[in-house]
2 protein chains.
Amino acid sequence: MTPRSSLSPAAAKPVAARRTRNKPEERHREFVRKAVELFAEIGFEAGTRELAQRLGVTQPLLYRYFPSKDDLIAAVYQEIYVNRWKKEWREGLIDDTRPIRERIIAFYEDYTATIFTPEWIRIYLFAGLRGVDINRRYAATVEEEILRPITLATRHSFGLGEEPPTPEEVELFWTLQGGIFYYGVREIVYQFPMPVDRSAMIRNAVDTFLAGVGPVLKRLAERVEVPA
Amino acid sequence: MTPRSSLSPAAAKPVAARRTRNKPEERHREFVRKAVELFAEIGFEAGTRELAQRLGVTQPLLYRYFPSKDDLIAAVYQEIYVNRWKKEWREGLIDDTRPIRERIIAFYEDYTATIFTPEWIRIYLFAGLRGVDINRRYAATVEEEILRPITLATRHSFGLGEEPPTPEEVELFWTLQGGIFYYGVREIVYQFPMPVDRSAMIRNAVDTFLAGVGPVLKRLAERVEVPA
DNA sequence: CATGTTATTTATCAAGCGATAATTAATAGG
DNA sequence: CCTATTAATTATCGCTTGATAAATAACATG
């Protein structure tokens, strides 16, 4: 494609602050890392020139590594949604040698340690507002790999049978998940003063939830009609 | 200011599809309404030309009603954060002639009916990501007008004293608030399939919370150290 | 040390942005 | 009906954006 006609040797005026060459692999990773940082700050409408400046390179160089800005954004998604996901989360949750409370608290400790960063939370919110697909898929993964296992394990620990969780039951655990997630949004996005530290919040939220979820699970299992 | 020099009468070529004139007040409201709609869809980087097109007017006309795009955005904030807030929410919550469960459920029914719209939720998230102030102030209002009253009323209904709520106690109720809010994010922003209807979600979340919050409130009141 | 490859730069384009100035025409008041 | 007012338009400016083409220089290989 790139036609290289007319090698006219008489058109050189500006000398340059030339950078040393880097290995393409390292550059690629470096570009994605800084793109995550920039997009988390500004949003995906952040300019490619700003990114290049932060990297100390020129803007067209980005297009040697990513055919378009959308491809760069796709690489950022991959980094956030895929690379930071841990298979151990599910494994820890279904390990019924430990008490349910311990498992759930340990999971949320580790999960929040992973996602409660400006990069993760802000890019997650930006992505959700930009297009629907990626976050819907992420939510489906959370439901399948985290919430259904938690639901089953909790139901089991209350002696309530082993059938697949109903949507109502899973929804209950979404409320817990959302409540904890929103703590991160307030802390990191709104920068709201947070007088209660994260671990205490998790313990109190989980303890409240586990202390109260038994009767509601039983009610759902028995299909009891609830008064408004 | 506007200098009107050289009234040269010989420079008219294009005829126009001229619109009828509207009252400035109505126009102002119409512009804000459509701006809310557009910004909710696209975000605040949506173009003024796009907005003008949707309104069926030309782009410079916007600048007769709003000195700058930021002023238009400020009007949108006012519409979402101020105009849609209801004083009755607080009043209903502190009305201790009704049972606490009923008050809390009634509040969340009405609150979610107000904010679970694409306009409200998406603009709220866009605003939070754009700048920190407005959502931090909104969160402060929610804490003061909603969560502290709920906390006090709940503590009272458990016979636990009338002192001002501690941060740990308020944080507990933030978890409930966040859990319910996140239902709206999943439904409206991520367009996740929601098999459980809103009222059932609210009832189950509130019942779980109220069934479990007693022991945790007592523990917090007695400053008991909690195992990890 | 010469040569080919390619990482990186310079230069530039077309489109879109927010905003302003000048012009035109709809309406109200005498 | 004429006139002053002003809502609304046309035209345009300066700047930024994503992207491409061409030139240049660092490095690997013989």
Side-chain angles (χ1 to χ4, degrees), chain A residues 1-31 35 38-39 42-76 130, chain B residues 1-31 35 38-39 42-76 130:
Chain A
M1 267 298 164
T2 51
R4 190 158 299 218
S5 60
S6 81
L7 344 160
S8 62
K13 30 192 171 167
V15 277
R18 186 68 58 163
R19 283 179 53 90
T20 57
R21 284 167 86 155
N22 278 19
K23 292 225 176 81
E25 260 186 32
E26 287 171 26
R27 271 270 126 110
H28 195 277
R29 278 200 306 273
E30 193 191 356
F31 283 14
L38 176 68
F39 290 150
I42 314 230
F44 293 111
E45 79 276 22
T48 52
R49 282 170 181 79
E50 167 94 20
L51 175 58
Q53 196 189 349
R54 292 188 183 203
L55 284 159
V57 301
T58 56
Q59 179 249 0
L61 185 60
L62 300 173
Y63 286 86
R64 171 162 284 264
Y65 293 88
F66 303 94
S68 75
K69 192 182 174 183
D70 273 340
D71 291 276
L72 175 60
I73 291 173
V76 166
R130 220 176 109 86
Chain B
M1 266 295 161
T2 52
R4 190 157 302 216
S5 60
S6 81
L7 345 161
S8 61
K13 32 192 169 162
V15 278
R18 186 68 57 164
R19 280 179 54 90
T20 56
R21 285 167 86 153
N22 278 18
K23 290 224 177 82
E25 260 187 33
E26 287 171 26
R27 270 271 126 110
H28 196 276
R29 278 202 307 273
E30 192 191 356
F31 283 14
L38 176 67
F39 289 151
I42 315 237
F44 294 111
E45 78 274 22
T48 53
R49 282 170 181 81
E50 167 95 21
L51 175 58
Q53 197 191 347
R54 291 188 183 204
L55 284 160
V57 300
T58 56
Q59 178 249 0
L61 184 59
L62 300 173
Y63 287 86
R64 173 164 282 266
Y65 293 88
F66 304 93
S68 74
K69 190 182 173 181
D70 273 340
D71 291 276
L72 175 59
I73 291 172
V76 166
R130 220 176 110 87

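Small disclaimer: the values here were computed from a predicted structure and weren't measured. Every chain is numbered from 1, with letters handed out A, B, ... down the list of sequences.
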Listed pairs, N/O of protein and of nucleotides 14-17 of chain C, under 3.5 Å:
none

Geometric class of the A:Phe31/A:Tyr65 ring pair [parallel <30°, tilted 30-60°, perpendicular >60°]: perpendicular
Here the distance between atom P of C:dA7 and atom CZ of A:Phe31, to the nearest Å, is 11 Å
Sugar-phosphate only, base, or nothing, as touched by A:Phe66 at under 4.0 Å among non-hydrogen atoms: nothing
Length of the OH-C1' vector between B:Tyr65 and C:dA19, whole Å: 18 Å
If you count every heavy atom of other residues, nucleotides or ligands that lies below 6.0 Å from B:Glu50 atom CD, does the total exceed 12? yes
Taking side chain as C-beta onward, heavy atoms only, is A:Leu72 less than 4.5 Å from A:Thr48? no
Examine D:dA8: is either OP1 or OP2 under 4.0 Å from a nitrogen or oxygen in the side chain of B:Tyr63? Give yes or no. no
Tell me the interatomic distance from A:Arg64, atom CZ, to D:dA21, atom P, rounded to whole angstroms. 13 Å
Is there side-chain contact between B:Leu55 and B:Leu62, with at least one heavy-atom pair below 4.5 Å? yes
Test: A:Glu26 and A:Arg29 ion pair at under 4.0 Å: no
Grab the NE2-C1' distance between B:His28 and D:dT6 for me, whole Å please. 17 Å
Which residue, A:Gln59 or B:Gln59, contacts DNA chain D at a nucleotide closer to its 5' end, judged by nearest heavy atom? B:Gln59
